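To keep things clear, I will list the structure first and then write my remarks on it.
Residue numbers start from 1 in every chain, and the chains themselves are labelled A, B, ... in the order their sequence lines are given, proteins ahead of strands. Worth saying up front: this structure is predicted, and the values here are computed from it rather than measured.
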Amino acid sequence: MDAVTPRGASGTGTFAVDLPQFSGPLDLLLTLIREEQVDIYDIPIARIAQQFVERIRTLELNEAAEYLEMAARLLRIKVQLLLPAGEQELWEDPRAELVRRLLEYQQMREVVDLLERRGEERRSHFARAYLPTQPVPPQAPLALSLVELLTAVDRVLRAVSRPDMHDVVPRALDVPGAIDAIRAVLALRARALLSDMITGAREPWQVLSMLLGLLELAKLGELRVQQLRPFSNVEITPTDRDAASEAA
Amino acid sequence: MTPLAKLLEAALFASARPITTEELAALSPDDSLAALASAIDELREHYDVDGHGVELQEIAGGWQILTRAEYTEAIERAQLASRPQRLSAAALETLAIIAYRQPISRAEIEEIRGVGIGGVLKSLHERGLIDVVGRGEGLGRPLMYGTTPVFLEHFALRHLEELPRADELAIALRAPAQATLD
Amino acid sequence: MTPLAKLLEAALFASARPITTEELAALSPDDSLAALASAIDELREHYDVDGHGVELQEIAGGWQILTRAEYTEAIERAQLASRPQRLSAAALETLAIIAYRQPISRAEIEEIRGVGIGGVLKSLHERGLIDVVGRGEGLGRPLMYGTTPVFLEHFALRHLEELPRADELAIALRAPAQATLD
């Protein structure tokens with residue numbers, strides 16, 4: 001009997017395979033909250049965090065990054081709760097975001113229960129299995145215009161022209177282009193900020209090209225790059241060519 | 001049975017999937033929609049009243065003949081047909097989220113479930129339960145997913161509206177502002 | 001109908017092939033063969049006398065429910081008469097990529113679209129819009145797809161060069177991975 005309840009199995013890692021698997025960290029967290037019979041709006045975070053960490057160790061879930069991330073999140077919330085609250089008015093309960101996610105997850109689980117019931121009901125009926133082979137499956141005529149095809153190309157292009165969040169897309173840097181752009185700006189202005197230079201740059205490779213271009217021009221002595229304070233904007237000033245050669 | 005009801009029965013028997021009302025109407029263009037509706041009723045009642053091993057169900061915007069649940073066990077025991085596999089918990093959770101939030105991107109689903117879902121999404125797509133329905137506006141213009149008619153068939157739903165509205169669920173999600181603790 | 005006749009109907013409906021009398025007997029081991037034979041007769045007569053769109057036939061030593069021949073024509077005609085189908089967004093995007101990048105492998109298309117395209121490829125192929133045009137050089141010598149004469153006909157084009165912006169788009173559609181960092 002003990003082997004089926006996760007609690008009874010703690011300390012005996014070999015039973016892990018017999019335990020109900022969790023579909024994710026939120027599932028595990030919700031299970032703990034139910035087991036401990038605590039209020040979801042007032043989670044005793046220290047206790048739940050400890051339970052959570054213990055459970056992922058017992059279940060050998062510590063391989064899964066998602067569970068570790070949640071464990072870290074719980075510990076961070078615990079620490080935040082220990083810190084003095086400071087300004088009462090501005091204080092926001094660090095558990096709030098977690099509560100929101102748990103409620104959202106719980107709502108989804110309700111839909112899962114419903115789908116499970118409906119799916120099970122449907123599984124208890126068979127559809128017609130024998131289907132006569134039709135000589136040539138007649139097809140409805142196709143409605144398709146060239147405009148639709150070109151619009152589809154557009155959609156594909158718009159999608160591939162921006163790097164995907166999860167993929168590292170190698171892209172050629174355009175340093176000479178950036179150098180031209182910087183020279184053009186400095187020809188008109190005595191002083192420019194880095195933020196001005198990269199406002200038009202929408203993608204990382206453009207920003208990188210601009211940075212490399214700036215460094216290159218600085219090395220050539222065409223301009224000076226200055227940052228007055230850490231994290232402040234970078235100032236770019238063209239060096240007077242004559243002054244530069246005098247100094248040299 | 002009327003000739004139209006017989007024709008409907010033949011067409012429904014010839015298909016493993018629900019046939020939409022429009023497709024049924026195309027079977028006999030001379031008959032009115034009212035005549036079609038009453039022939040469908042006639043067939044359903046015939047199966048119910050006369051006592052048949054099959055029944056007529058309204059699914060995915062159409063109609064499908066299915067065996068009655070009481071015979072499933074005997075048929076499976078005699079190995080004349082077998083039930084499809086159940087979906088995994090992960091697949092069901094992902095489907096539930098897509099059904100309620102469609103169109104939705106992979107990242108948004110992962111945010112709600114708290115786990116990566118690459119494999120699940122692929123297998124749901126392969127089973128025809130979900131499809132790409134467009135692209136989102138965000139970074140990288142992510143693919144947006146939605147449910148398909150096969151999803152409705154799998155759960156014997158007439159249409160998506162048959163699922164309870166989000167605010168009808170027992171745990172209605174509070175607005176974020178209300179969820180904060182004070 | 002008797003309970004046994006209903007059970008037989010459900011089993012025959014759910015089976016993909018004709019069922020022999022022995023197999024039918026396994027459905028309800030408590031019933032005698034005589035009872036089984038009379039239930040089969042009952043079902044057949046019910047379909048014939050009551051007027052149904054289907055009939056019970058003895059085929060290849062077994063029993064099978066089939067739609068009556070008189071309705072097959074109407075069913076096929078109805079499928080023909082159904083309204084023009086539109087391609088899904090996914091199918092359109094895939095077709096567009098193939099049109100401008102042919103010959104192209106499935107893997108390359110999937111790389112550009114970021115999603116599996118098995119089903120889409122199959123339906124475009126069934127529509128006759130694309131076909132296998134050869135094998136690629138890469139690993140496993142993948143099948144390469146291209147558009148067909150049906151595709152050209154559909155747009156009233158004489159050859160592929162008449163596709164608008166053919167050169168420009170073929171270059172633009174190169175997979176991003178092919179752009180190299182220098």
Pick one of side chain, backbone, both or neither for C:Ile19, based on which atoms fall under 4.5 Å of a heavy atom in chain B.
side chain

d(C:Leu7 CG, B:Arg68 CZ) to nearest 0.5 Å is 13.0 Å

What distance separates C:Leu12 CG from B:Leu80 CG, expressed to the nearest 0.5 Å?
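Reported value, rounded in 0.5 Å steps: 8.5 Å.
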
Looking at side-chain heavy atoms only, is the closest gap between C:Glu70 and B:Lys6 below 4.5 Å?
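Of all side-chain heavy-atom pairs linking B:Lys6 with C:Glu70, none is under 4.5 Å.
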
Would you name the heavy atoms of [X] and [Y] that are closest together and state the gap between them?
X: C:Leu27; Y: B:Ile75; value: CD2-CA, 3.9 Å
X: C:Arg113; Y: B:Val132; value: NH2-CG1, 4.2 Å
X: C:Ala10; Y: B:Gly53; value: CB-O, 3.6 Å
X: C:Ala14; Y: B:Ala81; value: O-CB, 3.5 Å
X: B:Glu9; Y: C:Val54; value: OE1-N, 3.7 Å

Under 4.5 Å heavy-atom distance to chain C, tell me which part of B:Leu143 shows up: side chain, backbone, both or neither.
side chain

Answer with side chain, backbone, both or neither: which region of B:Ile65 has an atom nearer than 4.5 Å to a non-hydrogen atom of chain C?
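Contact with chain C: backbone and side chain both.
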
Enclosure of B:Leu33 CG (heavy-atom neighbours >12, cutoff 6.0 Å)
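Incorrect, the count does not exceed 12.
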
Is it the case that atom CD in B:Glu73 sees more than 12 heavy atoms from other parts of the structure closer than 6.0 Å?
no

Using a 4.5 angstrom heavy-atom cutoff, name the option from B:Lys122, B:Gln79, B:Arg77, B:Met1 with the most pairs to chain C.
B:Met1

Can you tell me which of B:Thr67, B:Leu43, B:Leu121 forms the most heavy-atom pairs within a distance under 4.5 Å of chain C?
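When all of B:Thr67, B:Leu43, B:Leu121 are compared, B:Thr67 has the most.
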
Classify the angle between the aromatic ring planes of B:Phe13 and C:Phe13 as parallel (below 30°), tilted (30 to 60°) or perpendicular (above 60°).
perpendicular

Should the pair C:His52 and B:Tyr47 be assigned to parallel (<30°), tilted (30 to 60°) or perpendicular (>60°) ring geometry?
parallel

If you count heavy-atom pairs within less than 4.5 Å of chain B, which of C:Pro3, C:Ser88, C:Ala11 leads?
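Heavy-atom pairs under 4.5 Å are most numerous for C:Ala11.
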
Which one, C:Ala26, C:Ser15, C:Gly51, leads in non-hydrogen pairs under 4.5 Å with chain B?
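Option with the greatest count: C:Gly51.
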
